Amino acid sequence: MRILHTADWHLGKTLEGRSRLPEQEAVIDEMVEIVQKENIDVVLLAGDAFDTVNPPADAEKLFYEALSRLSDYGKRHVVVIAGNHDHPGRLSAAAPIANMHAITLLGFPTDRVQQIHVPSSDEMLMVGALPYPSEARLNELLAEECDEALLRARYDERIRAIFAKMNESFREDAVNIAMSHLYVAGGATCDSERPIELGGAYTVSPASFPARAQYVALGHLHRPQDVKHAMMRARYSGSPLAYSFSEAGYSKSVTIIDVQPRCTPIISEYLLSKGRPLVKWRAEGLAQVYRWIEEGRDRGAWIDLEIDVEQSLTLEETHRLRKLYDGFVHIRPNYLKKEEIVREVHTDVPIETLFTRFYERQTGGGKPSEEIVQLFLQLVAEEDEQ
C-alpha cells in the first residue's frame with residue numbers, strides 16, 4: 001500500500017495582504033500529478049486545510065476540488081482531519097456526501113478507528129485519526145486547578161488514553177496508521193505556526209502514540225521533520241508552501257509511505273517545486289538592489305529586503321523598487337550612522353537641533369527633511385503664541 005501524507009495547506013492564507021491562492025492551486029495540481037505518477041492508494045491530510053475557521057469561498061471551492069481530484073472522483077481514499085485553524089463542525093458538515101466519494105472528513109476528536117478497504121492494494125487500512133484535540137474540542141475539563149504543570153500532564157494523559165483506545169482496534173492483518181494534528185515535544189517550529197497552546201492544548205510525548213501503529217502522520221509544524229524518540233516512524237509532512245520568512249531556504253515536500261501489514265514502512269520525501277519561495281535579501285545600498293533586480297536574482301520569489309542606507313528611503317524610492325519588482329513584501333532600511341541618544345536637554349542647544357536628534361532616534365537614524373523641520377518650528381511658534 002502506498003500512502004501520501006500531507007498537512008497544513010492553509011488555504012486562503014495571505015502574505016501581508018498578498019493572495020497565495022494561485023500558488024496553492026499550483027501546488028495542489030502538483031500533488032494530483034504525484035498521486036497519479038506514484039500510484040498512491042490513500043491520501044492523508046493531517047489538519048489545517050484552511051487558514052481560518054471562516055475561510056473565503058474561493059478557498060473552500062479549491063479545497064473540495066482538490067479532494068475530488070486527489071480521490072480520482074471516488075477511486076482513491078482520502079482522509080482529512082481538522083486542525084486548529086479549521087472549524088470542526090464546518091469541515092465535517094459535508095461528511096455524508098463526501099463519504100459517497102471515498103472521502104472521510106473528521107472534525108471533532110474521536111477514539112474511533114476508521115476502517116478502510118483499499119481495493120487498489122486489496123488490503124485493509126486502519127486509521128486512528130484524531131482531529132485537533134484542544135481541551136475545548138475534547139469538551140472536557142482536564143483539571144480544576146489552574147496549575148500549568150498539572151494541565152500539561154493531564155493533557156498528555158488524555159491524548160495517551162485516546163491513542164490507547166485506538167490501539168485496541170488495530171489489527172495484525174491490516175495496515176495500522178495513526179494521524180493527528182498536535183504538537184509533539186521536541187518539534188522544530190517557525191513563525192507561521194500560531195501557537196497551538198492558544199486553544200488550550202499542550203505538547204504530547206512521543207511515548208503517547210499507539211504502540212501498534214506502523215506510522216504516525218502528523219500536522220501542525222510547517223517544517224518537514226521526523227519525530228525523535230518515537231517507538232515507530234512518526235513524521236510531520238510540513239506545509240506545501242512557505243508561509244513566513246522564518247521558513248526561507250527550507251524545502252517543501254509531501255511524505256510517501258510504502259507499507260504492508262506487520263512490516264516496517266519505507267518512508268520517502270517527495271520534494272515540491274510549485275509556489276513562490278520566500279527569500280531574504282541584505283543589500284549594501286540601493287545600487288546593489290537595482291543590480292540584483294536587473295540580473296533577475298530570485299525572480300518569482302517573495303522578498304524580505306533589508307537595505308543599508310545613511311538616510312531614510314523616500315516614498316519615491318520605495319515605490320520605484322516595488323514597481324520594478326512586485327515580489328518585495330518588506331523593505332526595511334538599516335541605518336548605518338546612528339547618533340547617540342540625547343539624555344539631557346541643554347538650553348543652549350537650538351531647538352531644531354534637538355528635534356533633529358529626536359527624529360533620528362525615533363526613526364533609527366533617519367534625517368528629517370527641511371519641510372518637516374520647518375513644520376515643527378511653526379508648531380512650536382504657534383504654541384508659544386498661545
Side-chain angles (χ1 to χ4, degrees), residues 1 3-12 24 28 31-32 35 40-120 124-140 159 162-163 165-166 169-170 174-182 199 201 210 213 216-220 237:
M1 185 184 303
I3 300 171
L4 183 140
H5 167 207
T6 180
D8 297 283
W9 289 2
H10 288 275
L11 299 181
Q24 291 169 337
I28 285 172
M31 278 193 250
V32 171
V35 298
I40 298 299
D41 300 301
V42 179
V43 176
L44 304 179
L45 173 51
D48 279 356
F50 301 105
D51 191 53
T52 66
V53 294
N54 187 27
D58 286 346
E60 285 194 299
K61 181 174 181 289
L62 178 58
F63 173 66
Y64 289 111
E65 287 177 349
L67 296 188
S68 296
R69 296 172 65 198
L70 288 170
S71 72
D72 197 9
Y73 306 97
K75 297 177 184 177
R76 180 185 298 110
H77 281 276
V78 178
V79 182
V80 183
I81 60 172
N84 56 307
H85 290 245
D86 301 314
H87 191 298
R90 187 166 184 166
L91 181 72
S92 57
I97 192 169
N99 288 338
M100 298 169 61
H101 300 277
I103 300 169
T104 301
L105 302 177
L106 301 171
F108 292 96
T110 175
D111 58 14
R112 186 169 66 87
V113 172
Q114 309 300 310
Q115 180 173 306
I116 300 169
H117 178 255
V118 182
S120 53
M124 191 64 69
L125 172 65
M126 308 297 288
V127 183
L130 176 60
Y132 173 62
S134 67
E135 186 177 24
R137 295 187 190 184
L138 287 169
N139 197 27
E140 297 179 25
I159 302 306
I162 294 174
F163 279 140
K165 183 69 174 178
M166 291 177 173
S169 298
F170 284 159
V175 171
N176 299 310
I177 302 292
M179 174 167 67
S180 191
H181 190 93
L182 40 72
V216 182
L218 296 169
H220 180 61
S237 67

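In this text the structure is predicted, and so the values were computed from the model without any measurement.
Every residue two or more places apart in sequence or in another chain that forms a side-chain contact (heavy atoms from CB on, under 4.5 Å) with Arg112 is listed here: Thr110, Gln114. Under the side-chain contact (heavy atoms from CB on, under 4.5 Å) criterion, Asp111 pairs with Ile162, Lys165, not counting sequence neighbours.
Nearest approach of Ala7 to Gly219, heavy atoms of both residues: CB-CA, 3.8 Å. The two residues Pro109 and Leu138 come nearest to each other via the heavy atoms CB-CD2, 3.8 Å. Listed here is the closest heavy atom pair of Met126 and Ser169: CE-O, 3.4 Å. For the pair Gly107 and Ala82, the tightest heavy-atom approach, listed with the atom from each and the gap, is O-CB, 3.4 Å. For Gly12 against Pro56, the heavy-atom pair with the smallest separation is CA-CG, 4.2 Å.
In this structure, the side chain of His87 engages the main chain of Gly89 through a donor-acceptor pair within 3.5 Å. Side chain of Ser92 to main chain of Leu105: no donor-acceptor pair is present (N/O by atom type, distance under 3.5 Å, no hydrogens or angles). The backbone N or O of Ser71 sits nowhere less than 3.5 Å from a side-chain atom of His101 that would complete a donor-acceptor pair.
Side-chain contact between Thr52 and His85 is absent, with no heavy atoms from C-beta onward closer than 4.5 Å. Residues Ile159 and Leu182 form a side-chain contact, since some pair of their non-hydrogen atoms from C-beta on lies under 4.5 Å apart. In this structure, the side chains of Pro88 and Pro131 stay at 4.5 Å or more apart for every pair of heavy atoms. The closest side-chain heavy-atom distance from Leu125 to Asn176 is not below 4.5 Å. The side-chain heavy atoms of Leu44 and Thr6, taken from C-beta on, include no pair separated by under 4.5 Å. Side-chain contact between Phe63 and Trp9: present, with at least one pair of heavy atoms (C-beta onward) separated by less than 4.5 Å. Within the 4.5 Å cutoff, side-chain heavy atoms of Leu11 are placed close to those of Ile28.
Screening Leu67, Leu70, Leu106 against Val80 for a side-chain contact (heavy atoms from CB on, under 4.5 Å) leaves a single residue, Leu67. Here the rule is side-chain contact (heavy atoms from CB on, under 4.5 Å) with Val118, and of Asp41, Ile3, Val175 only Asp41 fits it.
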Test Ile97 against Ile103 for side-chain contact (heavy atoms from CB on, under 4.5 Å), laying out the working first.
CA-CA 9 Å; Ile97 192 169; Ile103 300 169; over 6 Å; no
Show, in sequence, the C-alpha distance, side-chain angles and deciding distance for Glu65 and Lys61, and conclude whether the salt bridge (Lys or Arg N to Asp or Glu O under 4.0 Å) test is met.
CA-CA 6 Å; Glu65 287 177 349; Lys61 181 174 181 289; 2.6 Å; yes
Tell me, with the steps shown, if Met179 and Val79 meet side-chain contact (heavy atoms from CB on, under 4.5 Å).
CA-CA 10 Å; Met179 174 167 67; Val79 182; 3.6 Å; yes
Determine whether Tyr132 and Arg137 satisfy the following criterion, side-chain contact (heavy atoms from CB on, under 4.5 Å), listing intermediate values before the conclusion.
CA-CA 8 Å; Tyr132 173 62; Arg137 295 187 190 184; 3.6 Å; yes
Determine, stepwise, if the pair Asp86 / Asn84 fulfils side-chain contact (heavy atoms from CB on, under 4.5 Å).
CA-CA 6 Å; Asp86 301 314; Asn84 56 307; over 6 Å; no
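Separation of atoms CD1 (Ile177) and CE (Met166) is listed at 13.0 Å; rounding is to 0.5 Å. Here CZ of Arg76 is found 7.5 Å from CD1 of Ile40. Values are rounded to the nearest 0.5 Å. The distance from the NE2 atom of His181 to the CG atom of Leu218 is 10.0 Å, given to the nearest 0.5 Å. Atom CG of Asn99 and atom OG1 of Thr104 lie 5.5 Å apart (nearest 0.5 Å). Note that CD1 of Ile81 is 9.5 Å distant from CG of Leu91, once rounded to the nearest 0.5 Å.
Inspection of the His220 and Asp48 side chains reveals no N or O donor paired with an N or O acceptor under 3.5 Å. A donor-acceptor contact under 3.5 angstrom links the side chains of Arg90 and Asn54, judged on distance only.
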